[in-house]
Trainee: 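Here it is, the structure, as structure tokens.
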Amino acid sequence: MNHLAFGGASMDGGLYTRITGLAQHTPHGLNTLISYWTDYGLGLFAVLMLIAWWRARHGAPGAMAGALATPVVVVLAYAVNDLVKTVFDEQRPCQTLHTVTVEACPGPGDWSFPSNHSALAAAAAVALLLGDRQLGRIAVPAALLMAASRIWVGAHYPHDVVVGLLVGALVARLGTPLARHAGPTVERIRATRLRPLVAAR
């Protein structure tokens, strides 16, 4: 099914070329910074997930279960998003429109719609926001910046990143509350680990 393979440029190709054109007139240092962010920025979400686990480790069992499940939710969001990619097979805009981009254009078969980076970032951000509002306030803007950077460097149409954000957010919104039901299991694991310490006293 190639529903968007032929329609992506007509949807927001003009906006895409205006953004990539603006990037070409932006100082090299800023483009380098954005390029580093788009390539390695997902690492920030991994750090935030680790902090969320650390802060939840002595808290309520449901909160701990949610923190432990966040990486699982992110992987699930990636799987769902990648499945959508295989359904639509949309070519990258840098291949279709032949515009100059900040980063090299991915090869044919590396589909564009929806954006995996955006889905991963959104899933992590929403899961973190549901479990720890302080970390969520960092993660949500970071996810939006990640999505914007994918357009800026030329890898995606705007609709790619919008749908990627929606997919990731939806998976996290549905999956994170379900994970909290594993709270009793977390409590049993805690009790099992503490039992030898109590017996040794």
Trainee: For residues 137-150, run the donor-acceptor check on the side chains, cut-off 3.5 Å, and write out each pair with its distance to 0.1 Å, sequence neighbours left out.
Mentor:
{"residue": "Ser149", "atom": "OG", "partner": "Thr38", "partner atom": "OG1", "Å": "2.9"}
{"residue": "Ser149", "atom": "OG", "partner": "Met146", "partner atom": "O", "Å": "2.7"}
{"residue": "Arg150", "atom": "NH1", "partner": "Thr38", "partner atom": "OG1", "Å": "2.9"}

Trainee: Quick one: OH on Tyr16 to CG on Leu97, what's the gap to the nearest 0.5 Å?
Mentor: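 These two atoms lie 6.5 Å from each other.
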
Trainee: Show the numbers, then the answer: is there a side chain to side chain contact (heavy atoms under 4.5 Å, CB included) between Val161 and Ile151?
Mentor: CA-CA 8 Å; Val161 302; Ile151 308 168; 3.6 Å; yes

Trainee: So if you build clusters from Ile, Leu, Val, Met, Phe, Trp, Tyr with side-chain heavy-atom gaps below 4.5 Å, do Val72 and Leu50 land together?
Mentor: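 No, Val72 does not connect to Leu50 through the hydrophobic network.
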
Trainee: Taking atom CZ of Arg55 as the centre, report whether more than 12 heavy atoms of other residues, nucleotides or ligands fall under 6.0 Å from it.
Mentor: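 Check passes, neighbour count above 12.
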
Trainee: Which pair of heavy atoms, one from Val73 and one from Gly175, lies closest together, and at what distance?
Mentor: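 Reported closest heavy-atom pair: CG2-C, 4.2 Å.
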
Trainee: Are Leu30 and Trp37 connected in the hydrophobic side-chain network, where two residues link if heavy atoms are under 4.5 Å apart?
Mentor: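 No, it is not one cluster - the side chains of Leu30 and Trp37 are not joined through contacts under 4.5 Å.
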
Trainee: Show your working on side chain to side chain contact (heavy atoms under 4.5 Å, CB included) between Arg92 and Asp160 and close with a plain yes or no.
Mentor: CA-CA 10 Å; Arg92 296 277 180 171; Asp160 295 338; over 6 Å; no

Trainee: Where does the angle between the aromatic ring planes of Phe113 and Phe88 fall among parallel (under 30°), tilted (30 to 60°) and perpendicular (over 60°)?
Mentor: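 Aromatic pair Phe113/Phe88 classed perpendicular.
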
Trainee: Examine Leu120 and Phe45 and state if one hydrophobic cluster contains both, with Ile, Leu, Val, Met, Phe, Trp and Tyr joined whenever side-chain heavy atoms are less than 4.5 Å apart.
Mentor: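 Same cluster: Leu120 reaches Phe45 through Ile, Leu, Val, Met, Phe, Trp or Tyr contacts under 4.5 Å.
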
Trainee: For the atom pair CG (Leu128) and CD (Gln134), what is the distance rounded to the nearest 0.5 Å?
Mentor: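 Output value for this atom pair is 12.5 Å.
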
Trainee: Hey, mind stepping through Leu22 and Arg18 against side chain to side chain contact (heavy atoms under 4.5 Å, CB included) and telling me if it holds?
Mentor: CA-CA 6 Å; Leu22 179 61; Arg18 286 195 294 273; over 6 Å; no

Trainee: What's the separation between atom OH in Tyr157 and atom CD in Gln91, rounded to the nearest 0.5 Å?
Mentor: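 Here the interatomic distance stands at 9.0 Å.
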
Trainee: Might you point out which heavy atoms bring Gln95 and Cys105 nearest each other, and give the distance in Å?
Mentor: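 Heavy atoms of Gln95 and Cys105 come nearest at CG-SG, 3.4 Å.
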
Trainee: If you round to the nearest 0.5 Å, how far is CG of Asn81 from CG of Leu170?
Mentor: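 Nearest 0.5 Å value for the CG-CG distance: 11.5 Å.
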
Trainee: Between Thr176 and Ala127, what is the shortest heavy-atom contact and its length?
Mentor: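 Reported closest heavy-atom pair: OG1-CB, 3.5 Å.
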
Trainee: Is it true that Trp111 and Asp82 share a donor-acceptor pair across their side chains at a distance under 3.5 Å?
Mentor: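 No, because no side-chain N or O of Asp82 sits under 3.5 Å from a partner of the opposite role on Trp111.
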
Trainee: So, Asn31 side chain and Gln24 main chain: donor-acceptor pair closer than 3.5 Å or not?
Mentor: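 It does not hold such a pair.
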
Trainee: Give, for atom CD1 of Ile34 and atom CG of Asp39, the distance between the pair rounded to the nearest 0.5 Å.
Mentor: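 It comes to 12.0 Å.
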
Trainee: Looking only at heavy atoms, what is the nearest atom pair of Pro158 and Leu15, with distance?
Mentor: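 For Pro158 versus Leu15, the nearest heavy atoms are CG-CD2, 3.7 Å.
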
Trainee: Can you tell me how far the OG1 atom of Thr101 sits from the CD1 atom of Ile19, to the nearest 0.5 Å?
Mentor: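 Output value for this atom pair is 13.5 Å.
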
Trainee: How close do Gly154 and Pro93 get, counting heavy atoms only, and between which atoms?
Mentor: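 Looking at all heavy atoms of both residues, the closest pair is O-CG, 4.1 Å.
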
Trainee: Do you know which of His159, Lys85, His156 makes side-chain hydrogen bond (donor to acceptor under 3.5 Å, both in side chains) with Glu90?
Mentor: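 Answer after filtering His159, Lys85, His156: His159.
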
